[in-house]
Structure formats: structure tokens, C-alpha cells
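Only one structure is covered here, and it is reproduced in the block below.
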Amino acid sequence: MRVSPKDLYRAMVRIRVCEESFVEPILAREILCPVHLYTGQEAVAAGVCAALSKEDYIFGNHRSHGHYLAKGGGMRELVAEVYCRETGCSRGWGGSMHLVDPSVGMMGSAPIVAGTVSLALGAALASKIRGDGRVAVSFFGDGASGEGVLCESLNFAALERLPLLFVCENNLYSTHLPIDEIRVSRKIFELGIPFGVTSRRVDGNDALAVHEAARKAVSMCRKGKGPVFLECLTYRMRGHVGPDDNIQGTHTDIRPPAEVEKWRRKDPIRRIERHILRNRVASREELAEIRAEAEAEVREAHDFARRSPFPGEGITEPT
Amino acid sequence: MTAKGRKLTYSLAINEALHQSMERDDSVLLLGQGVKSPWYVGNTAQGLLKRFGKLRVIDTPVSENAMTGAAVGASIVGMRAVVVHPRVDFMLYAFDPIVNEAANWSYMNGSRTPVPVVFWGVVNRGGEQAAQHSQSLHATFSHVPGLKVVMPATPFDAKGLMTAAIRDDGPVVFIDDRWLYDVEGVVPAEPYVVPIGRGIVRREGKDVSLVASSYMVAESMKAAAILEREGVDAEVVDLRTVKPLDVALILASVGKTGRAVIVDGGWKTCGLAAEVAALIAENGLCGGKNLIRRVTLPDTPAPASRSLEKGYYLDARKIVEAVMR
Ligand SMILES: Cc1ncc(C[n+]2csc(CCOP(=O)(O)OP(=O)(O)O)c2C)c(N)n1
Ligand SMILES: [Mg+2]
């Protein structure tokens, strides 16, 4: 399935508008739960999920708003969950770090670093056992490359030839540590090679390139030639948690301003916008309309969330 | 306590224990996530990197299993490693080196080598952080033979127990609580230890014993003040060490009051409160109905929403209710 650049644009803009809409309510302390904004990384979620069908599985991490939306999760249910309301996708029991919609293959997200990698492994295993042709995707960051479970999962996935796509979103930072302080090589994708996993790196701010690479990877997985490891080089434009690390207590964004500026110029949305206009895929007006639709959808979702009750007092037994 | 008046926060008391222990003994090292930044561990590690250098103060990749194993291994060959986990939740990746290796090492190797390692885990909950960023797992660690588990409730104990944990020749799990970090108290400037395995009576009373640890001690003190107005004279026992328990202290208090309300920030089933209750019952104290009560978290994961957090976490009011019920 190859989607049009316009659809990728729409998917990315929905995520961007949604993410930026959280800034104010976070600063106003209307939203309390820890929120890890996806701004800047939209091309990865959009490009990968556009290569999947609804039945395919994805598993996310602490920074998964984009994954959830790109896979087809509802805007209202996402926003309400971030506000920890009863109408949220996790009933307000999980907050921003626990997004789920099994009906569209978003099987869940959780903030223990690399914690869901082996869960995606298991989903891929189930898919192989049942022969249902589904592919599983695990989204994780550069920080997760430090956890042993990633290597264990790469090995077993390769051994069993599982339909599993490892998507490493390398945004060059793991909380306060730049990548050079957590590993000797910047090339995370090379991790897969000794295990016999097809591994490559793509420009994670180029939605078309991510999509093309994901399409090939998914097609390999469906043919029994998985797993595939895809490292997407990208950057987050907001704080590790919340809008800006510099304004939160003693936390400081240790990223050099010039580096942030360099990446701002590589904005994935402006990039695909340029591509669309240059190739006359859509007009400026059409793109503005897409943005306006997203803004209306997001505004409505905030209204919905604010109107929604908090989950009932007292403890609800997990079902 | 000699230094009358010198006050320090709980977090800076931990920091002072680390500074003095590293100063006193070159074999002490600190490793874990965030030790070079206030990001994870607040100011508990401040100044250490600058003073003792990158060889002994190591900010690590996100690799809890290997980093914790490395702390154990370094300690087996003669170092005294402190490995910090900025949330107890992250420590579960390190369960194997803590339980299979460190706890058993000395015994299964015929007591040939001590394992003087400190596993420092921070309880960091609330703020709608949900199930994986909120857990209190001290009972889980306390279940394992070979581990000692300490949980300071005051700045004085935070320094004294960290120092004692570092000087101990066996593996010690040191669990502190972010909700206590800004609490101030008198902390002597010189190095000292709070003996592991000894509790303390924080408030004398004759009607009921509130047995608590860590953050729950402060809430129990508040509860005792409220109860006093209700005409109930509560004694507050701070366990300080939850493994091994100060059995004599607990039994003496409960023997005197005849009633025990055990307050624990962990879950109920197979929890610390259950252990204390069993000890009391086994010793023939509080035989009657309603004479032993547990005030614990419910047996559910931590919720996110502020509306559910309120019902989930414990406070003085819930302790008072349990006493009055
Ligand atoms: C097991 C575990 N250890 C530590 C943490 C604390 N932590 C939260 S996010 C994070 C870094 C994640 O970095 P990366 O994987 O690159 O994702 P990014 O935040 O850059 O998207 C860490 C260490 C955690 N959540 N889980
Ligand atoms: Mg990262």
C-alpha cells in the first residue's frame, strides 16, 4: 500500500496540531500527567503506520501520541486520556503514557524503556503461529538501545523469522544524555546486523523515505522474510517531558540552541509541504484546508475532554 | 545528637552521606541514571561528579540489568558500589542481579566473599504518573533472604541509613521517597550510622500502636495528633528497617497498647503490613477481633487520574478512620 503525500501530510498535521494543543493546558496545570510530546517526529509514525493495515499490531512507548493517531486511534479518546478523563482511551487509568485502541491494532504503550519491545515480539510470534499475515511493529527510542531485551528480541525474531518491524526513533537524546554518552556508535541500526536482521537507517524527517522503507519492510515481513530493523533519524522539538525542559524546575535542556535551530529547519511537515507544492500534488489552499480541519478536530476534542467526568472516586478493579 | 540545630533536607542528607562515604573510603562508587543531572535524582547526587570524578560517579545508559550486575560484581571484588534507580519501577529489570546473584552470592559461595553493594531505589509516585511510575516494592525485596531493606522516614535517618548501608558488608536495598525530599530536620554534620535492624518509637502512647515506615511515619504522626483530640493516645513506631524487622520493638509497643494499626505504602496482599501482623499474632498479642488492622494500598495498580489517586494513596485521615472504625 503506497499512500499519497497528501495523506501523509494529513496524518502528520493531525499529530502536530494535537501535540501543540497540549502546551497551554500543561502550562496551566490543567493537564497533570507526564506528557512526552511528539512534535518533530511526526514523519516516523505517519510513514510507518501508512504502510500497515488496520489488522497489523503496533506497540508504543512513553512518547506515543503520534503512533496512536497514525494507526487510527480516535482524537477525542486520546485528548481525553491526556486529561485523565473517564472517556479517554484508557478510561483515565493510564494517562498520556498508556494509549491503546485494539480495534485499530494499537495494542498499547508503556513508559518502561524497551518494555514493549518483547511484547511486539510476542504479537509477531502469535501472528506466525496463527498464520494470519499480520505484522507487528515496535516503536522505541535511541535510549532503548541500552536495554538487553532489545538484543534478545532481535535474536529470537530473526531465529523464528517473525513478521516484526523494529522501529528505532533516534532523536539523539535519552532524557539528559546525548547519544554519544550512551553508546560508542551512533549507528543504532547496526545492532540488528549480527543477529541476521535486515537493518537500515532512513531520514526520519522525510515522511516519503520513511514510508518507502516501511513499505518494503512490511512486505518482507509478510513474505516470511522478516524481521526488519529500521532506524529513523529524527529530533524532538519540545522537551523530553512537557513543552520545554528549560522551564521545569531545575531541569535544563542541554541541547545546544544551534542544534535545535538546525533541526527546526528540517521540519518534517514543511518538508513534505514543499514536496507537495513542487510536484503539484495539492494546492496551498488544499493544504490550508487540511490544517484547518485538524485544528477544528483537535479543538472539539479538547472541549469533549473538558466536558468529560474524571473516573469515579474510589478504586476501580482492573478487568 | 551533637550538632544541635543544623538542619538539612532529606535529599541533601542523602547527598551528605554519599559525599562523606566517598570521602572516607576510596572504594565507594555511585552509578546509575541521572547522577550527573538533577533530572532524576533531584539534588541527592549534587557535587559528587565534580568532587570525585567520572571514574567513581557514573551516569549510565538505560541498562538497569547490566548496571546493577556491574555494581554487584565490583562489590564482589572489593569495591562498595551504590547503584541508583531513579524509580523503583525501573529496578525490576535488575531483579536478577539483585535476587539471584547478590542476595544469594555470599551464602551459595560458602561465605567466601562479602557483597557490600547498595541498591538505591526511589519511590516516585503521584502526579498522574500511573502504574509503571508509582510502585513501592519494598515488600517484594524484603521477601528475599540475603537482602536487607531500609526505608528512612526522616533526614536524620536518611543520612544515617545510607551511611550504614554503604558500610554494611552485605547487599542492602535503600528505598527513599520523593515525597520526603524537601522535608527538613536536624542532621549532624559529622558522619554517623543509624543501625540497620533497629526501629524507633517516634511518639509514645498507650491506646494503639501505629506501625509505619518511610512516608507513612509522617502521616501516622499527623494521625496521632488528630486522634489525641478524639481522646485516643496513639504510639507511633517507625520501623526504619523493614528487613530485618525490629521484632523486639514492635512487640514491646504492641504488648503495651494491645492494639496495632499497621500502615504501609505498599500493597496489601503478602505485604509488609501482613508480615508485621503475622509477627504480632504469632507472639500471642492482639488476639481479639479488630485488634490488628492493616492500612495499605489496595491490591490494584496505581491509577493515573487525580480523581483515582486521591482514593488510592494513604493519608492521615485514612489512618484515623482505621483506628476509629
Ligand atoms: C526501564 C526504564 N529506565 C529508565 C526510565 C526513565 N526514562 C524515561 S524516558 C527515558 C529515555 C528514553 O529515551 P529514548 O528511548 O531515546 O526515547 P525519547 O524520550 O528520546 O523519545 C528514560 C531513561 C524508564 N522509563 N524506564
Ligand atoms: Mg531519544
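In the text below, chain A, chain B and the rest are named by the order of the sequence lines, each starting its count at 1.
- Of the atoms belonging to Ala144(A), not a single heavy atom falls under 4.5 Å from chain B.
- Taking CG from Leu32(A) and CD from Gln129(B), the interatomic distance works out to 10.5 Å, rounded to the nearest 0.5 Å.
- In plain terms, the two heavy atoms of Gly94(A) and Ala130(B) that are nearest each other are O-CB, 3.4 Å.
- Scanning for salt bridge (Lys or Arg N to Asp or Glu O under 4.0 Å) contacts around Arg201(A) gives Glu231(A), with sequence neighbours left out.
- The environment of CG in Asp182(B) is sparse: at most 12 heavy-atom neighbours from other residues, nucleotides or ligands sit within 6.0 Å.
- In this structure the side chain of Leu308(B) never reaches within 4.5 angstrom of the side chain of Phe310(A), judged on heavy atoms.
- For the atom pair CG (Leu177(A)) and CG (Asp59(B)), the distance works out to 4.5 Å, reported to the nearest 0.5 Å.
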Chi angles and distances behind the side-chain contact (heavy atoms from CB on, under 4.5 Å) call for Lys36(B), Glu181(A)
CA-CA 12 Å; Lys36(B) 66 171 248 189; Glu181(A) 291 186 39; 2.8 Å; yes
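- Within residues 79-87 of chain A, the residues that have a heavy atom under 4.5 Å from a heavy atom of chain B are Tyr83(A), Cys84(A), listed by number.
- Taking both residues in full, the closest heavy atoms of Val62(B) and Ser174(A) are given as CG2-OG, 3.6 Å, listed atom of the first, atom of the second, then distance.
- The heavy-atom pair separating Gln132(B) from Pro111(A) by the smallest distance is OE1-CD, 2.9 Å.
- Listed by first and then second residue, the salt bridge (Lys or Arg N to Asp or Glu O under 4.0 Å) pairs involving residues 22-31 of chain A are Glu30(A)-Arg306(A) (not counting sequence neighbours).
- The minimum heavy-atom distance between Gly127(B) and Pro34(A), with the atom names listed, is O-CD, 3.7 Å.
- With rounding to the nearest 0.5 angstrom, the CD atom of Gln33(B) is 7.0 Å from the OG1 atom of Thr175(A).
- Contact of the Phe90(B) side chain with the Val113(A) side chain is not registered, since no non-hydrogen atoms from C-beta on lie closer than 4.5 Å.
- Ser307(B) contributes a side-chain N or O that, together with a main-chain N or O of Pro311(A), makes up a donor-acceptor pair within less than 3.5 Å.
- Considering CD1 of Ile112(A) and CD of Glu64(B), their distance stands at 7.5 Å, rounded to 0.5 Å.
- For CH2 of Trp105(B), the number of neighbouring non-hydrogen atoms (other residues, nucleotides, ligands) closer than 6.0 Å is 12 at most.
- Neither the backbone nor the side chain of Leu150(A) has a heavy atom closer than 4.5 Å to any heavy atom of chain B.
- Under the rule for a side-chain hydrogen bond (donor to acceptor under 3.5 Å, both in side chains), Glu101(B) has no partner lying at least two apart in sequence or in another chain.
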